[in-house]
Number of protein chains: 2
Amino acid sequence: MNTIEEVLESKDIRITAMRLLIYKFLAEKEVAVTLSDIENAFEKADRTTLYRTVKTFEDKGIVHQIDDGTGITKYALCEKGCNCEIETDLHLHFHCINCNKTICLTDHKIPQIKVPDGFVSENVNLVVKGICDKCSS
Amino acid sequence: MNTIEEVLESKDIRITAMRLLIYKFLAEKEVAVTLSDIENAFEKADRTTLYRTVKTFEDKGIVHQIDDGTGITKYALCEKGCNCEIETDLHLHFHCINCNKTICLTDHKIPQIKVPDGFVSENVNLVVKGICDKCSS
DNA sequence: AATCAACTGCAATGGAAGTGCATTTTTAGC
DNA sequence: GCTAAAAATGCACTTCCATTGCAGTTGATT
């Protein structure tokens with residue numbers, strides 16, 4: 001169990017109050033969040049800072065970006081063992097069309113996809129849309 | 001082999017000069033196109049008209065929308081047998097990160113995806129990114 | 001030909017992503 | 001502890017795409 005500070009330092013991310021707060025916010029969420037979500041949670045902070053903070057997290061590999069088809073980029077913390085950059089490790093995402101939440105199904109790996117001859121696959125984005133467990137019950 | 005007019009009429013889309021031209025344009029393309037692509041091809045026509053025409057095609061089920069992760073919506077004609085609205089019929093898309101083209105791999109169906117208990121899957125979006133056949137050779 | 005509905009074009013809006021620059025905070029060297 | 005450099009933050013602004021309201025035009029029906 002590492003502290004947030006240790007996580008950030010291990011990834012060469014300098015520690016600031018802002019970053020600790022944003023990390024904490026992301027860690028508390030069980031769903032992927034938009035920049036606006038973060039913005040609403042930190043009304044005192046500037047959007048640019050939040051934007052760049054998340055980008056930094058992404059560059060350093062502790063956050064991954066999700067394109068769930070809503071047209072708005074969402075972000076989620078990479079969990080332990082999430083190697084977003086490795087093709088074979090990609091997990092899939094579930095987007096609830098009722099509550100509009102997007103959830104990482106970390107333990108649901110994407111099956112091997114065959115592509116035609118001559119095509120080279122580098123990355124796979126798989127989003128399942130439907131009704132989530134909370135909305136269907 | 002149906003004429004474009006027959007296709008449109010069979011889907012309850014009224015025939016106009018604009019629509020015939022746009023349909024023809026889409027049919028000639030082997031890749032998914034953005035609204036801007038269409039706009040460039042028809043400089044005399046207004047963006048709004050093109051936008052609404054494509055939306056109409058989409059509503060009536062002769063065009064499907066593709067979100068390939070570039071952040072820009074792309075469109076492609078549904079081919080014969082493409083029932084976009086039916087989950088099990090969804091095909092996958094390939095986005096070339098070199099030439100930026102997005103191709104429908106119509107005959108590559110998406111494998112059955114299992115979701116956790118309580119989740120109801122209605123739709124699946126699968127985009128493979130990499131290098132296309134033309135760019136890799 | 002007239003009427004009504006549908007289509008088209010122009011203008012404007014809104015949302016999100018991204019950038020340049022000045023200011024503040026943090027780090028590191030003395 | 002103080003100072004200079006580097007990094008982070010905040011503000012203003014821009015751009016791009018998607019979308020809508022409304023007026024004018026075209027097309028279908030009688």
Side-chain angles (χ1 to χ4, degrees), chain A residues 4-5 7-26 32-60 62-76 95 100 102, chain B residues 4-26 32-60 62-76 95 100 102 125:
Chain A
I4 300 179
E5 282 89 344
V7 173
L8 295 186
E9 277 180 346
S10 74
K11 294 285 186 176
D12 271 330
I13 301 171
R14 294 168 77 169
I15 293 166
T16 68
M18 218 46 274
R19 288 175 177 177
L20 290 173
L21 286 172
I22 295 175
Y23 188 98
K24 207 169 163 189
F25 176 76
L26 291 171
V33 299
T34 65
L35 198 59
S36 298
D37 291 335
I38 306 176
E39 206 181 338
N40 292 334
F42 299 95
E43 297 199 338
K44 290 179 195 159
D46 188 75
R47 242 204 33 257
T48 312
T49 304
L50 305 172
Y51 172 74
R52 286 198 261 236
T53 300
V54 175
K55 281 286 175 213
T56 302
F57 285 0
E58 199 192 340
D59 288 346
K60 301 293 186 178
I62 63 170
V63 155
H64 66 269
Q65 192 171 330
I66 302 159
D67 175 12
D68 64 6
T70 56
I72 301 167
T73 306
K74 293 187 178 173
Y75 303 92
H95 175 68
N100 202 33
T102 296
Chain B
I4 300 179
E5 282 89 344
E6 284 168 353
V7 173
L8 296 185
E9 277 181 345
S10 74
K11 294 285 186 173
D12 271 330
I13 301 170
R14 297 168 74 169
I15 293 167
T16 69
M18 222 39 281
R19 289 176 177 177
L20 291 173
L21 286 172
I22 295 175
Y23 187 98
K24 208 170 163 188
F25 175 76
L26 292 172
V33 299
T34 65
L35 198 58
S36 296
D37 291 335
I38 305 176
E39 208 181 338
N40 292 334
F42 299 95
E43 297 199 338
K44 290 181 194 159
D46 187 76
R47 195 188 162 69
T48 313
T49 304
L50 304 172
Y51 172 75
R52 284 199 261 237
T53 300
V54 174
K55 280 287 175 212
T56 302
F57 284 0
E58 198 191 342
D59 289 345
K60 300 295 186 177
I62 62 169
V63 155
H64 65 270
Q65 192 171 330
I66 303 159
D67 175 11
D68 63 7
T70 55
I72 301 167
T73 308
K74 294 187 178 175
Y75 304 92
H95 175 68
N100 202 32
T102 296
N125 182 37

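All chains are named by letter (A, B, ...) in the order of the sequence lines, taking the proteins before the strands, and each is independently numbered beginning at 1.
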Please tell me which of G71(B) and A17(B) maps to the more 5' nucleotide of DNA chain D, matching each residue to the nucleotide holding its nearest heavy atom. G71(B)
Using only heavy-atom distances, decide whether a donor-acceptor pair under 3.5 angstrom links the side-chain of R52(A) to the base of dG18(C). no
Indicate the atoms forming the closest heavy-atom contact of G69(B) with D67(A), along with that distance. CA-OD2, 3.0 Å
Starting from P on dT9(D), measure out to CD1 on I22(A) and report it in whole angstrom. 7 Å
Minimum-distance nucleotide (side-chain atoms of M18(A) versus dG9(C), dT8(C), dG10(D)): dG10(D)
Rounded distance (Å) that lies between atom P of dA8(D) and atom CZ of F42(A): 18 Å
Verify the contact: side-chain N or O of T73(B) to OP1 or OP2 of dA18(D), cut-off strictly under 4.0 Å; return yes or no. yes
Specify the separation, in whole Å, of atom OH of Y51(B) and atom C1' of dC10(C). 16 Å
Taking atom types as modelled and ignoring hydrogens, do the side chains of T34(A) and D37(A) form a donor-acceptor contact shorter than 3.5 angstrom? yes
From CG of D12(B) across to C1' of dA5(C) the rounded distance in Å is 15 Å
Indicate, with a heavy-atom threshold strictly under 4.0 Å, whether T34(A) touches base, sugar-phosphate, or nothing. nothing
Compute the ring centroids of F25(B) and F42(B), then answer whether they are less than 6.0 Å apart. yes
Could you tell me how far apart I72(B) (CD1) and dT19(D) (P) are, to the nearest whole angstrom? 13 Å
NZ (K24(B)) and CD1 (I4(B)) are apart, to the nearest 0.5 Å, by 6.5 Å
Whole-Å distance, D46(B) CG to dT26(D) P, equals 15 Å
Calculate the interatomic distance between Q65(B) atom CD and dA18(D) atom P; express it in whole Å. 9 Å
Check the phosphate of dA8(D) against T53(A), side-chain N and O only, distance under 4.0 Å to OP1 or OP2. Yes or no? no
Between T16(A) and dT26(C), is there a contact of a side-chain N or O with OP1 or OP2 at under 4.0 Å? no
List the atom of Q65(B), the atom of K55(B), and the distance in Å for their closest heavy-atom pair. OE1-NZ, 3.7 Å
Once you round it to whole Å, what is the distance between P of dC17(D) and CG of D68(B)? 13 Å
Side-chain N or O of T49(B) less than 4.0 angstrom from OP1 or OP2 on dC7(C)? no
Would you tell me if any nitrogen or oxygen in the side chain of K44(A) comes within less than 4.0 Å of OP1 or OP2 on dG10(D)? no
Sugar-phosphate only, base, or nothing, as touched by R19(A) at under 4.0 Å among non-hydrogen atoms: sugar-phosphate
Applying a 4.0 Å non-hydrogen cut-off, can you work out what R47(A) is touching in the nucleic acid: base, sugar-phosphate, or nothing? base
When you measure only distances, ignoring hydrogens and angles, does the side chain of T48(B) come within 3.5 Å of the base of dC10(C) through a donor and an acceptor? yes
So what does T56(B) touch, heavy atoms closer than 4.0 Å: a base, only the sugar-phosphate, or nothing? nothing
Which value, rounded to the nearest 0.5 Å, describes the distance between L50(A) atom CG and I22(A) atom CD1? 4.5 Å
Judged by each residue's nearest nucleotide on DNA chain C, which is more toward the 5′ side, R14(B) or A45(B)? R14(B)
Between dT8(C), dG9(C), dT19(D), which nucleotide has the shortest distance from any of its atoms to the side chain of K55(B)? dT19(D)
